[in-house]
**Student:** 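Submitted below is the structure of interest, expressed as structure tokens.
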Amino acid sequence: MLRTHTCGELRNTDLNKKVILSGWVQRVRDKGALIWIDMRDRYGITQIFLEEEKSDDSLVKKARELGREFVVQVEGSVIERASKNPNIPTGDIEVVPEKIKILNTSKTPPFTIEDETDGGEELRMKYRYLDLRRKPVRTKLELRHRLALETRKYLDTQKFIEIETPVLIKSTPEGARDFVVPSRMNQGQFYALPQSPQTFKQLLMVSGYDRYYQLVKCFRDEDLRADRQPEFTQIDCEMSFVTQDDVLETFEGMTKHLFKVVKGVEVEDFPRISYQDAMKYYGSDKPDIRFGMKFVELKDVARGKGFKVFDDAELVVGICAEGCASYSRKDLDKLTDFVKRPQVGAKGLVYVKYLSAEQAGNEEGSLKSSVDKFYSEEELKEWAAKFNAKPGDLLLILAGGADATRFAMNELRLEMGKRLHLRDRSVFKPLWVVDFPLLEWDEETQRYYAMHHPFTSPKPEDVHKLENDPGAVRANAYDLVINGVEIGGGSIRIHNKELQKKMFQVLGFTDQEAQSQFGFLMNAFEYGAPPHGGIALGFDRLVALFGGSDSIRDYIAFPKNNAGRDVMIDSPSEISEEQLEELGLKVVNSKNQAANNK
RNA sequence: GGUCCGGUAGUUCAGUUGGUUAGAAUACGUGCCUGUCACGCACGGGGUCGCGAGUUCGAGUCUCGUCCGGACCGCCA
């Protein structure tokens, strides 16, 4: 037997027991006459204790051979510690060894295996198998496991069944770039890895599996971010004979369940706001509603006073930052620099300080702004009223084209939320964003694209606009947003062949293209397709949100870096001439050739 | 495709206006230490300053290029 107990379970109640432990050497503290060895495994740390005088010479010698991360087996008895350590669960006891066996040696690791490691990101990713030994990383993977388990348990109680769908599928031009896999048996042809199991789950609905789910890897060949990996996991679901409300209620229930059992948090009912209102009040389709600071539009009160910037603007919009009238010139300059960054893109920032009586040095308080030249105090007061601003508050105003200004104001609102500590990681505010537009016009290619995907159904009352005003058609589509993070989205699907055909027409597909790419789905719709709809939640993002992090990388055992590389196994990599030959492929252009050959 | 930040000891970093032999902490090694638990003390080894070119009497430091890593914009139905 290699062990009778783990390194995390022995307590006072185990005194005098003969035990065998196996694990890694965390640290040896050799004080000459006394030697302590911290032994670590997944479950915790147990202290091994030797006295030079009372122990066998060979045992002491063996103990002194141990280095960090050696794998050892210790046989001995549990005793009470002379001086206890209240900071760890096993801190009342220690094990006095009779035998120490080195199961394997270890090189000194390139960084310390400690909660607060000295290793940088790059090194930890290269030696990810060592990084995973660290408790903070292990805790994150344990959280991931727990969420996966509870998701499955909940969906099982709701009569969902998990069905696997294929990974080698067919490339389609819509949406994100596909990862592509060459076929040896069909040279010159390629599989694609799924961006989502979308069409398969819809086919399962046609087959009568009216509640399907899958925790499934999906793949998108697009550039990465802290919250985007080329392979990622979705909680993918589909239901038949449901309305939009049925889907929202089911997954609101699931989300609440996860918060309750995994985090011990009771979240309130999720508000539902339309895409249009989300854009109007937050400038974003994934608003963070942990704090207010809603947009207020000022065009009607600000125009016609000779301030050209506002007069010429399509949109004049502001937010009210509570208690920020005390901001100095320097603070305001910093905010101005923030909005002028190319990533935010505003031309400038107008402020109005609603000074309190104390700040103004008079009895009533006063209003001071960067546009005092154009607006009287009375007029500024009228603005303040629109914001429900109180003395002591600060109004921040941007103007310009509607889309760009909303975008910049969203960035500014989030920045102010951060500065005012209103984005508390222990607070969770989910919401549904509903009534998304069905289509999005793309200037570059001069055509409409499906905002969600081409299988999303238009709202029945808007279907008649498909011909003449496709941009105005709203979809039965919804997103789940939590704390400003898009956690998932879905829709009620089209289940009628004619409507699906029409949708492809609007998207600029010829009948032939639609038939060759999605014919299997439209054919299936002719054999009794039930009304259906579903949702997919980004599992990695959900786990990171639960863990209180913006980056999903730490919650993935073996993630890729921001260039899509796995620096541990060094992939992607070239393949041999023989492999290329078999696949009927030839590399004609490789900018990485030189780098890889070094 | 673009913008920004970084690369100096095993590791994390400092390094002044361009100027003598590039430092600290930690890790590692050796010795001492009877209750440690981030043990302590003493001593020691450890450097292609990412790489290449340029400017200069002289480059870790300035310029250009390049590679690597990180963050972001575009992109992500």
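Residue numbers begin at 1 in each chain, while the letters A, B, ... track the order of the sequences.
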**Student:** Both distances below 3.5 Å, Watson-Crick or wobble geometry, any strand: find the nucleotide opposite U26(B).
**Tutor:** G10(B)
**Student:** Record whether the side chain of Arg29(A) comes under 3.5 Å of the base of G35(B) through a donor-acceptor pair of N or O atoms.
**Tutor:** no
**Student:** Is NZ or CZ of Lys140(A) both nearer than 6.0 Å to the six-membered ring centre of Tyr555(A) and within 45° of the ring axis?
**Tutor:**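 Relative to the ring axis of Tyr555(A), which defines the angle, Lys140(A) lies inside both limits.
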**Student:** At less than 3.5 Å, do the side-chain atoms of Arg27(A) and the base atoms of C39(B) form a donor-acceptor pair?
**Tutor:**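 No, the side chain and the base share no sub-3.5 Å donor-acceptor pair.
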**Student:** May I have the distance from Arg177(A) (atom CZ) to G74(B) (atom C1'), rounded to whole angstrom?
**Tutor:**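 Taking atom C1' of G74(B) as the reference, CZ of Arg177(A) is at 11 Å.
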**Student:** Could you work out the separation of U20(B) and G10(B) based on their C1' atoms and round it to a whole Å?
**Tutor:**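 Pairwise C1' distance, U20(B) against G10(B), rounds to 29 Å.
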**Student:** Assess whether a salt bridge exists between Arg474(A) and Asp462(A), defined as any Lys/Arg side-chain N lying under 4.0 Å from an Asp/Glu carboxylate O.
**Tutor:** yes
**Student:** Between Gly175(A) and Asp223(A), just flag the one whose closest nucleotide in RNA chain B comes earlier from the 5' side.
**Tutor:** Asp223(A)
**Student:** So what does Glu94(A) hit on the nucleic acid, given a heavy-atom distance under 4.0 Å: a base, only sugar-phosphate, or nothing?
**Tutor:** base
**Student:** Hey, is CD on Gln276(A) packed in by over 12 heavy atoms from elsewhere, all under 6.0 Å?
**Tutor:** no
**Student:** Between N or O atoms, less than 3.5 Å apart, protein on one side and nucleotides 5-10 of chain B on the other: list the pairs.
**Tutor:**
unit_1, atom_1, unit_2, atom_2, d
G10(B), N2, Asp118(A), OD2, 3.4

**Student:** Can you tell me the distance, in whole Å, between the CG atom of Asn561(A) and the P atom of C72(B)?
**Tutor:** 13 Å
**Student:** Among pairs that include at least one residue of residues 484-509 of chain A, which meet ring pair (Phe, Tyr, Trp, His ring centres under 6.0 Å), considering only residues two or more places apart or in two chains?
**Tutor:** Phe504(A)-Phe509(A), Phe504(A)-Phe518(A)
**Student:** Can you check whether Gly8(A)'s main-chain N or O pairs, donor with acceptor, with Thr6(A)'s side chain at less than 3.5 Å?
**Tutor:**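 It does hold such a pair.
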**Student:** By a strict heavy-atom criterion of less than 4.0 Å, which residues belonging to residues 81-90 of chain A are in contact with RNA chain B?
**Tutor:** Arg81(A), Ala82(A), Ser83(A), Lys84(A), Asn85(A)
**Student:** With no hydrogens and no angle check, do the side chains of Gln202(A) and Gln198(A) hold a donor and an acceptor under 3.5 Å apart?
**Tutor:**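 Yes - a donor-acceptor pair under 3.5 Å links their side chains.
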**Student:** Taking the side chain of Thr108(A) as its heavy atoms from C-beta onward, which of A27(B), C39(B), A71(B) lies nearest to it?
**Tutor:**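 Comparing A27(B), C39(B), A71(B) against the side chain of Thr108(A), the answer is A27(B).
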**Student:** Please say whether more than 12 non-hydrogen atoms of neighbouring residues, nucleotides or ligands are located less than 6.0 Å from CD in Gln512(A).
**Tutor:**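 No, not enclosed.
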**Student:** Would you list the protein and nucleotides 40-43 of chain B atom pairs, both N or O, that sit under 3.5 Å from each other?
**Tutor:**
none

**Student:** Going by an N to O cut-off under 4.0 Å, is there a salt bridge joining Arg124(A) and Glu121(A)?
**Tutor:**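 Judged by the 4.0 Å cut-off on N to carboxylate O distance, Arg124(A) and Glu121(A) do form a salt bridge.
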**Student:** What is the distance, rounded to the nearest whole Å, between atom CZ of Phe338(A) and atom C1' of A71(B)?
**Tutor:** 14 Å
**Student:** Using a strict 4.0 Å threshold on nitrogen-to-oxygen distance, state whether Asp178(A) and Lys170(A) make a salt bridge.
**Tutor:** no
**Student:** Using purine N1 to pyrimidine N3 plus N6-O4 or O6-N4 for Watson-Crick, or N1-O2 and O6-N3 for G-U wobble, each under 3.5 Å, what pairs with C62(B)?
**Tutor:**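 Per the H-bond distance test, G54(B).
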**Student:** Within the modelled atom types, does a donor on one side and an acceptor on the other bring the side chain of Arg228(A) and the base of C76(B) under 3.5 Å apart?
**Tutor:** yes
**Student:** Calculate the interatomic distance between Ile93(A) atom CD1 and C37(B) atom P; express it in whole Å.
**Tutor:** 18 Å
**Student:** If the threshold is 4.0 Å, N to carboxylate O, is there a salt bridge linking Arg541(A) and Asp227(A)?
**Tutor:**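 Looking at Arg541(A) and Asp227(A), the cut-off is met.
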**Student:** So which of residues 402-415 of chain A are in contact with RNA chain B, with a heavy-atom cut-off of under 4.0 Å?
**Tutor:**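 None - not one residue of the stretch has a heavy atom sitting under 4.0 Å from the strand.
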**Student:** Would you indicate what Met451(A) reaches in the nucleic acid, counting non-hydrogen atoms under 4.0 angstrom: base, sugar-phosphate, or nothing?
**Tutor:** sugar-phosphate
**Student:** Have a look at Arg341(A) and say if it touches a base, only the backbone sugar-phosphate, or nothing, with a 4.0 Å heavy-atom cut-off.
**Tutor:** nothing
**Student:** Mind running a 4.0 Å heavy-atom check of residues 41-67 of chain A against RNA chain B and sending the residues that fall below it, in number order?
**Tutor:** Gln47(A), Phe49(A), Glu53(A)
